[in-house]
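Accompanying notes for the structure given below.
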There are 2 protein chains.
Amino acid sequence: MEKTLKRMATMQRMQTTGLNLFYKKGYYNTSVDDILKELSLSKGAFYYHFDSKEDFFIQIIEQLVVRKVYSMLIEPIEGHENTLELITNCFEDALETAVHNELDYGFLLNNFINEFNGRNPEIMKHLNEILRIWEVTLVSAIQRGKFNGHIDRHVDAEGVAVYLMSSFIGIRTLMVETAPSARKYRFMSQLRQYFKSIEAKSENQPNNTSY
Amino acid sequence: MEKTLKRMATMQRMQTTGLNLFYKKGYYNTSVDDILKELSLSKGAFYYHFDSKEDFFIQIIEQLVVRKVYSMLIEPIEGHENTLELITNCFEDALETAVHNELDYGFLLNNFINEFNGRNPEIMKHLNEILRIWEVTLVSAIQRGKFNGHIDRHVDAEGVAVYLMSSFIGIRTLMVETAPSARKYRFMSQLRQYFKSIEAKSENQPNNTSY
DNA sequence: CACGCTACCAACCATTTGGTCTGTTTTTTA
DNA sequence: TAAAAAACAGACCAAATGGTTGGTAGCGTG
């Protein structure tokens, strides 16, 4: 049964360095030969494992990009503690990782979305799906927060989610070339300011009583 | 003296359709021939007027992109009225334009920045300069607001500016493929919510008395 | 009207691109 | 251990790319 073991190993190697190069130089600006050169592999190997460059990239999205986004932005906010604190810490961690990343080219998802927008519907389908999951996760986190009494009952969960996604996408772009650490700090301060404005008013205590 | 009139006319034609195509398909994914075909011009014409594709694009930035950003995001917030209202209206208008644009590929600046980030320092210099001007304009607008008593004295002008830029860049990406109108509406609602949290407390009336 | 200069044409070039194809090595299976 | 299948090598191809070059309409000026 494990005859596919070597196959999977080389496929993963290809996908890993493929993603790195696509992230660094962009999809259209990275040739298949570029990836192969870095791996000391031949064209034959590549087209033995993948149908085309596009097929290759879609598999990268499904295998690697999805997981990165999950571990970075989805799972950290799925807990049942104070929602706003979870999101704050999640963003803080994600941005801190970016600061310490020597070679940062911005938010993976944002870069690819911008590259394929209106150009490759097939790939956009996959990228939009990831965005959708992120949005759903945020919305339900906010709603949990409202239910738990941490967030004001009147806030629009969808609105907050869109606003959070927007600001995150944007700050990742702004952090690439100019003062990433300072910008991260300023961003987080304002995020906390914003969160204060949607918190449940202090007189309404969290209704932990309902448990 | 006006013997250069025809020259400038064709150069502008080239730049206009060039920008449209670069915006639509991306810089690296648009060939010089693509632009020439749309104009029914030849290679000779192009390289008679411009040194290279890169030189061509830099001139486009200086001639067209800068002006678009100015009229869209800079000038509308340079007035002396209530700053937060100015910014709100400015964003509202900019996003509304995007909603009604049949073929919207996102925020021009964001698309190009993502494409050239860490790849073409020469072009990034120009794009970062535009961002810098936008930031400076926002910061001084916030400071005017603090001075005029519309904005709380304790807010960090730099922080607000970065936060505003982030969210704007991000929402433009999110508005491209999915429910632009709804997302714009939600975004604007949350922006107003955020602005309320940095407004001067109502007990401190705007110090129009100082005039 | 001839001269010269601007603005443009179009064939051409070297290189790179995604992809194919034939063959060789390596591994599994009988 | 031999045959069969899997994994890979690398030469090859057509199309596309940014850029070059020699030539030529058209037009203002002497």
Side-chain angles (χ1 to χ4, degrees), chain A residues 1-61 63 112 115-116 119-123, chain B residues 1-61 63 112 115-116 119-123:
Chain A
M1 260 296 100
E2 300 313 278
K3 62 184 173 187
T4 60
L5 214 147
K6 187 174 186 188
R7 178 184 182 86
M8 287 179 58
T10 51
M11 282 178 82
Q12 275 190 16
R13 276 181 62 215
M14 286 180 178
Q15 288 172 354
T16 305
T17 68
L19 178 58
N20 283 339
L21 286 181
F22 287 147
Y23 175 50
K24 191 192 298 186
K25 312 202 299 166
Y27 174 82
Y28 291 112
N29 212 25
T30 301
S31 69
V32 176
D33 282 320
D34 288 341
I35 301 165
L36 262 16
K37 197 184 297 170
E38 195 144 319
L39 291 165
S40 300
L41 284 174
S42 70
K43 272 260 172 77
F46 184 86
Y47 284 96
Y48 172 73
H49 290 293
F50 302 99
D51 292 343
S52 65
K53 190 187 177 186
E54 179 172 323
D55 166 59
F56 176 59
F57 186 67
I58 290 178
Q59 292 204 36
I60 287 182
I61 296 177
Q63 299 295 321
F112 289 144
E115 190 166 5
F116 294 111
R119 290 155 212 163
N120 192 319
E122 182 60 26
I123 291 185
Chain B
M1 260 297 100
E2 299 316 277
K3 64 184 172 188
T4 60
L5 214 146
K6 188 174 186 188
R7 176 184 184 87
M8 286 179 59
T10 52
M11 282 178 83
Q12 277 190 15
R13 277 182 61 217
M14 286 180 178
Q15 288 170 354
T16 306
T17 67
L19 178 56
N20 282 339
L21 286 181
F22 287 148
Y23 178 43
K24 189 192 302 189
K25 311 202 301 165
Y27 174 82
Y28 291 113
N29 210 26
T30 301
S31 70
V32 176
D33 283 321
D34 288 341
I35 302 165
L36 262 16
K37 196 185 297 172
E38 194 144 320
L39 291 165
S40 299
L41 284 174
S42 69
K43 272 265 174 76
F46 184 87
Y47 284 96
Y48 172 73
H49 291 293
F50 303 98
D51 292 342
S52 65
K53 190 188 177 186
E54 179 172 322
D55 167 58
F56 176 59
F57 186 68
I58 291 178
Q59 292 205 37
I60 286 182
I61 296 177
Q63 298 295 321
F112 290 144
E115 190 166 4
F116 295 111
R119 290 158 209 163
N120 191 320
E122 182 61 26
I123 292 185

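Letters go in sequence order (proteins before strands), and every chain restarts at 1. This is a predicted model, so every value here is computed, not measured.
With contacts defined as side-chain heavy-atom distances shorter than 4.5 Å, the pair B:Y47/B:V32 qualifies. Looking only at side-chain heavy atoms (C-beta outward), A:F56 and A:I35 come within less than 4.5 Å of each other.
A close approach under 4.0 Å does not occur between any side-chain nitrogen or oxygen of A:R7 and OP1 or OP2 of D:dA6. Distances shown here put every side-chain N or O of A:H49 at or beyond 4.0 Å from the OP1 or OP2 atom of D:dA6.
Shown for residues 10-26 of chain A: residues whose heavy atoms fall under 4.0 angstrom of DNA chain D, namely A:T10.
We find that CG of B:L39 is positioned 16 Å from P of C:dA7, with the value rounded to whole Å. Following rounding to the nearest Å, A:K6 (NZ) and D:dA6 (C1') show an atom-to-atom distance of 9 Å. Distance CG (B:L36) to P (C:dC9): 8 Å, rounded to an integer number of Å. Remark: P of D:dG10 and NZ of A:K37 are 15 Å apart, rounded to the nearest angstrom. One interatomic measurement links the two molecules: CE of A:M8 to C1' of D:dA7, which rounds to 16 Å at whole-angstrom precision.
The distance from the CG atom of A:N29 to the CZ atom of B:R119 is 7.5 Å, given to the nearest 0.5 Å. Note that the CD atom of A:Q15 and the CZ atom of A:F57 stand 11.5 Å from one another [nearest 0.5 Å].
Judged by the 6.0 Å distance and 45° axis criteria, B:K53 is positioned over the aromatic ring of B:Y27.
Here the shortest heavy-atom pairing between A:I61 and A:I123 reads CD1-CG2, 4.0 Å.
Although no hydrogens or angles enter the test, the distance criterion places no donor-acceptor pair under 3.5 Å between the side chain of A:Y28 and the main chain of A:F116.
There is no side-chain donor-acceptor pair under 3.5 Å between A:T17 and A:N20.
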Item to check | B/S/- contact track for nucleotides 11-25 of chain C, protein heavy atom under 4.0 Å | outcome: ------SBBB-----
